[in-house]
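This report concerns only the one structure given below.
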Amino acid sequence: MSHTKRHPSTVCVQGTHAQTSGPAVVPIVQTSTFVFENQQQMLDSVQGKSGGHVYTRWSNPTTKSVEEKISALEGTEDTHILASGMAAISSAVLGLVKGGERILSSDSIYGGTVQLFNKMLPHNGIQVEYVDTDELVDHLADSGDKYKLCFFETPTNPTLKIVDIREIADAANATNTISMIDSTFGSPINQTPHKLGIDLVMHSATKYLGGHSDIVAGTISGSREIMANVRSAAKLLGGTMDPFASFLLDRGIKTLSVRMERHNFNAKYLAERLKKDQRIRKVHYPGLPSHPHHAVAKKQMHGYGGMLSIELDTDLEKTGKFVDSLQVFLNAVSLGGVESLASIPALTTHYGLGEKALREMDIAESTVRLSVGIEDAADLLQDLLSALDTIV
Ligand SMILES: Cc1ncc(COP(=O)(O)O)c(C=O)c1O
């Protein structure tokens, strides 16, 4: 079967090529350097003519085979895998934006990205301007040639807002701006932004792609032309993925498609039931028809994901008690693993921002973010209901 006909779940398990001989599983090429017969052979590799590997900071066969898989899932020509999501973002931004140029960013993005943008990029003469997520499209469309790059996330953390991916891509094209999405919450199973016109698709592969909370990794995918600049920067910045971690990432991706089906199912099941519970003020889940961006989510997502947030009808102290009472959901940050996790943004990712700033982001002190895993949905619901019983 030609790889163009392979569906995502087949790509996840078997990649893009028919395997006719050799190991069934991608070998771990745990080496820093590669040996050549002579200088000509080495030069051909250094110049990129032979496709050979020279030094693992530049490329590695284990990592490369996973990169090909992710490109096939995202529908891009190229993917680069790095040692973390942050390494992927910093390599992309520093590879593409020069001092004196500007970035437009949605204001609902991961806190680590905000810190990179605010603390590190100004050292390089790069300024980042933030706009409300709901105003991003209009702002970009009216920006002329002001920005080099437009950065956004969808779904967003922790209130699961949805940005219209195609509208951003169209506005970016019209203004000659490079569009870049952090697609971590979506996963390449639930959304494929490059197919909707986005130039660069980034993931913290620590989350759904890896899927087992046992690696830290990042991916960045796009056209060969744009990725050439990203790869050059990544090579110099040195956030290189270790081959063993690439092996674990590949092993995780084999079950990505079935895991996402279960994440999608479990989160929707919980969202629908929790919505009816009087002890919960709000349920943020894009799969609920009452979600303000449900129509956009329906249009651009194949599933609504495993992330959901609930706002309890109580104060911060009791919210802490609620999370501490959970028995199946683990009390931890991060997301996207097989195990369900619960965290309070006001005490973790959004700590110290104060009630007013939180309210502007539609986050309350009693908001709990749930990364819904792949356990039995009934056990997860029972866990949440029992914890709610402890605070009323
Ligand atoms: C949406 C999102 N983007 C990027 C990152 C950064 O990824 P990493 O921790 O793999 O560097 C995270 C980490 O939590 C995240 O949640």
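For the single chain, residues carry numbers from 1 onward in sequence order.
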Do the charged groups of [X] and [Y] touch, with an N to O distance under 4.0 Å?
| X | Y | value |
| --- | --- | --- |
| D78 | R224 | no |
| K356 | E360 | yes |
| E317 | K321 | no |
| E129 | K146 | yes |
| R231 | E67 | yes |
| D164 | K299 | yes |

Would you say the side-chain atoms of [X] pair up with the backbone N or O of [Y], donor to acceptor, closer than 3.5 Å?
| X | Y | answer |
| --- | --- | --- |
| H212 | G210 | yes |
| N60 | T56 | no |
| N331 | S343 | no |
| D362 | T159 | no |
| D199 | S179 | yes |
| N190 | H302 | no |
| H291 | H293 | yes |
| S340 | G373 | yes |
| Q382 | A378 | no |
| N266 | D376 | no |

For a 4.5 angstrom cut-off between non-hydrogen side-chain atoms, does [X] reach [Y]?
| X | Y | value |
| --- | --- | --- |
| H284 | P158 | no |
| L104 | L149 | no |
| L121 | Q127 | no |
| V201 | T192 | no |
| T76 | T79 | yes |
| V93 | I103 | yes |
| L160 | M307 | yes |
| K254 | D250 | yes |

Pairwise distance [atom1]([X]) to [atom2]([Y]) - rounded to 0.5 angstrom:
| X | Y | atom1 | atom2 | value |
| --- | --- | --- | --- | --- |
| Q191 | Q300 | CD | CD | 6.0 Å |
| I109 | T184 | CD1 | OG1 | 11.5 Å |
| L330 | S371 | CG | OG | 10.0 Å |
| S232 | H80 | OG | NE2 | 9.5 Å |
| D324 | I391 | CG | CD1 | 11.5 Å |
| L82 | S90 | CG | OG | 8.0 Å |

Between [X] and [Y], is there a shared hydrophobic cluster once you connect ILVMFWY residues whose side-chain heavy atoms come closer than 4.5 Å?
| X | Y | value |
| --- | --- | --- |
| V296 | L288 | no |
| V29 | I215 | no |
| L96 | M120 | yes |
| I178 | I168 | no |

Margin query: For F185 together with Y208, are the ring centres under 6.0 Å from each other?
Written below: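 Y208 vs F185: aromatic centres not under 6.0 Å.
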Margin query: I310 vs T367, test: side-chain contact (heavy atoms from CB on, under 4.5 Å). Steps then yes/no.
Written below: CA-CA 6 Å; I310 53 177; T367 297; over 6 Å; no
Quick one: closest heavy-atom pair of [X] and [Y], and the distance?
| X | Y | result |
| --- | --- | --- |
| R259 | L209 | NH2-O, 3.3 Å |
| L200 | M227 | CD2-SD, 3.7 Å |
| A332 | L341 | O-CB, 3.8 Å |
| L140 | C150 | CD2-SG, 3.9 Å |
| A92 | M180 | CB-CE, 3.8 Å |
| L237 | S91 | CD1-CA, 3.7 Å |

Classify the ring geometry of [X] against [Y]: parallel below 30°, tilted from 30° to 60°, perpendicular beyond 60°.
| X | Y | answer |
| --- | --- | --- |
| Y285 | Y304 | perpendicular |
| F117 | F151 | perpendicular |
| Y55 | W58 | perpendicular |

Checklist line | Check against salt bridge (charged side-chain N to carboxylate O under 4.0 Å, His left out), R359 and E355 | finding: CA-CA 6 Å; R359 266 286 158 224; E355 213 172 333; 5.6 Å; no
Donor + acceptor pair across side chains of [X], [Y] (<3.5 Å):
| X | Y | answer |
| --- | --- | --- |
| D313 | S366 | no |
| S106 | T133 | yes |
| E74 | H203 | yes |
| S50 | S45 | yes |
| S213 | E339 | yes |
| T156 | S108 | no |
| N118 | Y130 | yes |

Check: With sequence neighbours excluded, what pairs up with K49 under the side chain to side chain contact (heavy atoms under 4.5 Å, CB included) test?
Finding: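 Scan of K49 (side chain to side chain contact (heavy atoms under 4.5 Å, CB included), adjacent residues dropped) gives D44, Q47.
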Note to self: Go through it in stages, so that I can follow the logic: the residues are H7 and V11, the test is side-chain contact (heavy atoms from CB on, under 4.5 Å), and I'd like the CA-CA distance, side-chain angles, deciding distance and then a yes or no.
What the structure shows: CA-CA 6 Å; H7 291 92; V11 173; over 6 Å; no
Item checked: Atom CG of N38 with >12 non-hydrogen neighbours under 6.0 angstrom ->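 Enclosed: over 12 neighbouring heavy atoms sit under 6.0 Å from CG of N38.
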Margin query: Take a 6.0 Å sphere around CD of Q19 and say whether it holds more than 12 heavy atoms from other residues, nucleotides or ligands.
Written below: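 Buried by this count: over 12 neighbours within 6.0 Å.
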Check: Where do C12 and L73 land on the side-chain contact (heavy atoms from CB on, under 4.5 Å) test, with the steps shown first?
Finding: CA-CA 8 Å; C12 284; L73 290 174; 4.0 Å; yes
Margin query: Please evaluate residues V25 and F247 with respect to the criterion side-chain contact (heavy atoms from CB on, under 4.5 Å), reporting the C-alpha separation (whole Å), side-chain torsions for both, the decisive distance (0.1 Å), and the verdict.
Written below: CA-CA 9 Å; V25 172; F247 163 80; 3.7 Å; yes
Note to self: Applying side chain to side chain donor-acceptor pair (under 3.5 Å) to Q30 and D242, what does each step give before you reach the verdict?
What the structure shows: CA-CA 8 Å; Q30 193 73 32; D242 183 75; 3.1 Å; yes
